[in-house]
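We use all heavy atoms of the structure for the numbers below, so side chains are in, but hydrogens, waters and symmetry mates are not. Starting from 1, each residue takes its place in the sequence as its number.
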Amino acid sequence: MVSRPDARTLIETVLDGGSWTSWDAPPADPAEPGSSYAEELAAARVKSGYDEAVVTGEGLLGGRRVAVVACEFSFMAGSIGLAAAERMVSAIERATRERLPLLAAPASGGTRMQEGALAFVQMIKITVAVQAHRTAGLPFLVYLRHPTTGGVFASWGSLGHVTAAEPGALIGFVGPRVFESLHGYPFPEHVQVAENLHEHGLIDAVVAADDARDAAIGALSVLADDGTRVVAGPAPQEDLRPVEAWEAITRSRRDDRPGVRTLLKLAATDVTPLSGSGAGENEPSLLLALARFGSAPAVVLGQDRRRQRANAPLGPAGLRVARRGMRLAADLGLPLVTVIDTAGAALSKSAEEGGLSGEIARSLAELVTLDAPTVCLLLGEGAGGAALALLPADRVLCAQHAWLSPLPPEGASAILYRSVDFAPEIAQAQRIRATDLRHDGIVDRVVPEVPDAAYEQRAFCERVGRALEYEIAGLLRQPPADRLTARLSRYRHLGG
């Protein structure tokens with residue numbers, strides 16, 4: 001049976017023991033004395049043991065000071081009226097002033113119907129407070145509990161940098177009872193369920209209350225890292241064996257070559273996978289995660305070549321997931337690492353109608369102007385617009401057998417000679433190898449493979465991890481304005 005703790009029990013479960021301090025003052029009573037609403041409030045206080053539908057305060061999470069706002073469903077279905085909204089907004093504003101990460105745990109039917117339109121518009125001021133907190137560069141984590149519906153889910157419940165939910169939790173815009181009353185038939189089953197939302201890229205994880213503490217600690221270890229403790233070792237060494245272009249391409253396509261998921265497994269810590277665009281789209285061929293390479297925190301966007309082969313090439317939805325990662329890095333000032341490993345974008349009716357070209361353009365525009373440190377890693381295949389969309393970073397690393405080309409060499413051969421037979425010669429002529437890319441200023445550093453990443457997966461991934469840490473550390477030492485100016489100048493003069 002799923003454990004569904006009340007607000008106080010959840011707080012005790014998640015925070016360090018004995019660290020909780022309430023910020024709550026007695027709420028102003030919005031009900032006329034002697035009214036039926038006043039009687040409802042009095043009964044709810046006695047029955048639930050809470051004075052309102054929201055509790056707020058602070059505590060320690062893994063030794064880190066955090067602010068918390070949590071709903072209590074047993075108090076009038078967790079509904080938000082004037083008093084609850086004012087308590088929430090005061091707490092969020094205090095968290096912003098004191099620069100604390102904010103953990104929110106809604107469980108609510110939405111607006112308190114007894115207070116009508118004035119209660120309804122309280123969602124606006126809560127949203128404004130949350131947005132101000134986010135604009136201040138502070139992490140906002142949301143844990144959706146059973147049930148979360150209505151205006152709460154349609155406002156601050158959907159604004160988390162990272163969002164998880166209780167297993168089996170009912171989560172949706174319209175409550176099923178309301179829907180059935182209005183339409184005369186029940187809402188489809190299994191739609192407004194946490195697991196379905198996760199599958200559709202609306203939330204990042206489904207996590208039991210007992211595991212929420214570790215999940216939050218892991219996420220904040222990256223999200224709340226200001227980069228001041230990032231220390232890298234000496235500059236990575238390059239000792240490269242000459243390799244022909246076609247040999248590099250052949251090696252990059254090996255099934256046993258490590259991809260982005262292997263890289264995170266072997267070279268990163270504090271890995272928190274994120275799911276989807278947050279707007280109802282998910283694409284398994286594009287990985288989005290929080291991670292740490294050595295001492296360096298990062299948002300990671302990675303093309304998963306294996307999943308592209310098993311499912312489908314990278315499409316518009318994948319690039320919208322990527323842009324979510326870019327915005328997350330910009331919001332919190334976190335380094336962004338993009339990993340290119342793709343045989344090319346989707347070539348299909350659905351990709352065209354889904355706006356693939358526009359998404360590539362928007363990804364390019366957003367990445368090249370991003371107000372965050374950026375490192376691109378060419379890990380393997382780098383074909384076409386799907387690769388270009390994640391390329392324009394402050395620093396570009398390239399595995400020794402990775403490559404970058406406008407098309408797979410077979411495609412270029414078909415264009416020039418109406419045959420794929422000249423692909424090896426085309427690859428050599430187009431200067432797509434790692435060493436050629438470095439010579440032409442597209443790549444800054446080549447990571448050796450000794451002799452091939454497939455034969456030394458752990459050693460290679462650890463070598464890449466150290467190189468990423470080194471580059472991130474160097475970028476964090478630069479003033480942001482200088483960093484952006486240098487990036488724009490680089491791409492303005494590339495090839496000129």
Do Ser90 and Glu86 have a side chain donor and acceptor closer than 3.5 Å? yes
Tell me if a side-chain donor or acceptor on Arg305 pairs with a main-chain N or O of Thr342 at a distance below 3.5 Å. no
By salt bridge (Lys or Arg N to Asp or Glu O under 4.0 Å) - contacts of Asp304 (at least two apart): Arg261, Arg307
Suppose we screen for side chain to side chain contact (heavy atoms under 4.5 Å, CB included). Which residues come up paired with Glu469, at least two apart in sequence or across chains? Ala232, Ser295, Ala296
Do Pro106 and Val142 come within less than 4.5 Å of each other through their side chains, counting heavy atoms only? yes
Can you list every pair that meets side-chain hydrogen bond (donor to acceptor under 3.5 Å, both in side chains) and has a residue in residues 189-209, with sequence neighbours left out? Asn196-His200, Asp204-Arg324
Between Glu352 and Ser348 (side chain of the first, backbone of the second, donor and acceptor by atom type, cut-off under 3.5 Å), is there such a pair? no
Thr485 and Asp482: side chain donor to acceptor below 3.5 Å: no
When rounded to the nearest 0.5 angstrom, what distance separates CG in Leu319 from CG in Leu390? 7.0 Å
May I have the list of side-chain donor-acceptor pairs in residues 363-372 shorter than 3.5 Å, sequence neighbours left out?
residue : atom : partner : partner atom : Å
Ser363  : OG   : Glu359  : O            : 3.0
Glu366  : OE1  : Arg323  : NE           : 3.4
Thr369  : OG1  : Ala365  : O            : 2.7

For side-chain contact (heavy atoms from CB on, under 4.5 Å), just list the numbers for Ile126 and Ile80, CA-CA rounded to whole Å, side-chain angles, deciding distance to a tenth of an Å, and then say yes or no. CA-CA 10 Å; Ile126 298 171; Ile80 304 299; 4.0 Å; yes
Listed partners of Ala169 passing side chain to side chain contact (heavy atoms under 4.5 Å, CB included), at least two apart: Arg4, His146, Glu166, Ile171, Ala194
Report yes or no: does Arg292 contribute a side-chain atom to a donor-acceptor pair with the main-chain N or O of Ser221 at less than 3.5 Å? yes
Which value, rounded to the nearest 0.5 Å, describes the distance between Leu377 atom CG and Leu391 atom CG? 11.0 Å
Would you say the side chain of Val337 lies within less than 4.5 Å of the side chain of Val299, judging by non-hydrogen atoms? no
Minimum side-chain heavy-atom gap Leu287-Leu264 below 4.5 Å: yes
Gap between atom CG of Leu286 and atom CZ of Arg320 - 0.5 Å precision: 11.5 Å
Test of understanding: with salt bridge (Lys or Arg N to Asp or Glu O under 4.0 Å), list the residues that count as partners of Asp331, not counting sequence neighbours. Arg134
Does Thr148 reach the main-chain N or O of Leu144 with its side chain, forming a donor-acceptor pair under 3.5 Å? no
Given side-chain contact (heavy atoms from CB on, under 4.5 Å), test Thr56 with Val68 step by step and report yes or no. CA-CA 6 Å; Thr56 73; Val68 177; over 6 Å; no
According to salt bridge (Lys or Arg N to Asp or Glu O under 4.0 Å), who are the partners of Asp211, at least two apart in sequence or on a separate chain? none
Minimum heavy-atom separation for Ala25 to Asp51, with atom names? O-OD2, 4.4 Å
Within-4.5 Å side-chain heavy-atom neighbours: Val206 and Ile203: yes
Distance-only, no hydrogens or angles: does the Thr374 side chain make a donor-acceptor pair with backbone N or O of Asp394 under 3.5 Å? yes
Can you pull out every side-chain hydrogen bond (donor to acceptor under 3.5 Å, both in side chains) where at least one residue sits in residues 96-116? Sequence neighbours excluded, please. Tyr37-Arg112, Tyr37-Glu115, Glu40-Gln114, Glu52-Arg112, Arg65-Glu98, Ser79-Arg112, Arg94-Glu98
My understanding is that only residues two or more places apart in sequence, or in another chain, count here; which of them pass salt bridge (Lys or Arg N to Asp or Glu O under 4.0 Å) with Arg8? none
Indicate the atoms forming the closest heavy-atom contact of Ala165 with Tyr143, along with that distance. C-CE1, 3.7 Å
Applying side chain to side chain contact (heavy atoms under 4.5 Å, CB included), name anything that partners Val128, two or more places apart in sequence or on another chain. Ile124
Got Thr13 and Ile11 here, is their nearest side-chain heavy-atom distance under 4.5 Å? no
With Pro139, which of Leu100, Leu223, Leu328 fulfils side chain to side chain contact (heavy atoms under 4.5 Å, CB included)? Leu223
Minimum heavy-atom separation for Phe293 and Gly465, please, with both atom names. CB-O, 3.9 Å
OG (Ser74) and OH (Tyr50) are apart, to the nearest 0.5 Å, by 6.0 Å
Tightest non-hydrogen contact, residues Ala291 and Val222, listed as O-CG2, 3.7 Å
Min side-chain heavy-atom separation Val300-Leu290 under 4.5 Å: no
Rounded to the nearest 0.5 Å, how far does CD1 of Ile472 lie from CG of Leu334? 10.0 Å
Correct closest heavy-atom pair for Ala322 and Leu301 would be O-CD1, 3.4 Å
Can you give me the closest heavy-atom contact between Pro316 and Ala351, atom names plus distance? CG-O, 3.6 Å
Could you please spell out the steps behind the side chain to side chain donor-acceptor pair (under 3.5 Å) verdict for Ser277 and Asn282? CA-CA 6 Å; Ser277 65; Asn282 203 0; over 6 Å; no
Nearest 0.5 Å please: distance from the CG atom of Leu379 over to the CD atom of Gln303. 10.0 Å
Quick one: does Leu41's side chain get under 4.5 Å of Asp29's, heavy atoms only? yes
With the side chain counted from C-beta on, respond yes when Pro373 and Leu336 share a heavy-atom pair under 4.5 Å apart, and no when they do not. no
Of all pairs that satisfy salt bridge (Lys or Arg N to Asp or Glu O under 4.0 Å), the ones with a partner from residues 148-161, not counting sequence neighbours: none
For the pair Glu12 and Trp20, evaluate side chain to side chain donor-acceptor pair (under 3.5 Å) and give the outcome as yes or no after the intermediate values. CA-CA 8 Å; Glu12 292 171 0; Trp20 172 250; over 6 Å; no
Please determine whether side-chain contact (heavy atoms from CB on, under 4.5 Å) holds for the pair Val152 and Met123, giving the CA-CA distance in whole Å, both sets of side-chain angles, and the decisive distance to 0.1 Å. CA-CA 7 Å; Val152 168; Met123 303 304 170; 4.0 Å; yes
Return the set of residues passing side chain to side chain contact (heavy atoms under 4.5 Å, CB included) with Asp16 (not counting sequence neighbours), or none when no residue passes. Ser19, Leu60, Arg213
When you measure from the side chain of Glu72 to the backbone N and O of Ala7, does any donor-acceptor pair fall under 3.5 Å? yes
Take Lys125 and Gln122 through the test side-chain contact (heavy atoms from CB on, under 4.5 Å) and record every step on the way to the result. CA-CA 5 Å; Lys125 78 177 186 183; Gln122 297 303 301; 2.7 Å; yes
Please check if the side chain of Ser489 supplies one atom and the backbone of Ala486 the other of a donor-acceptor pair under 3.5 Å. no
Does CZ in Phe120 sit with more than 12 non-hydrogen atoms of other residues, nucleotides or ligands closer than 6.0 Å? no
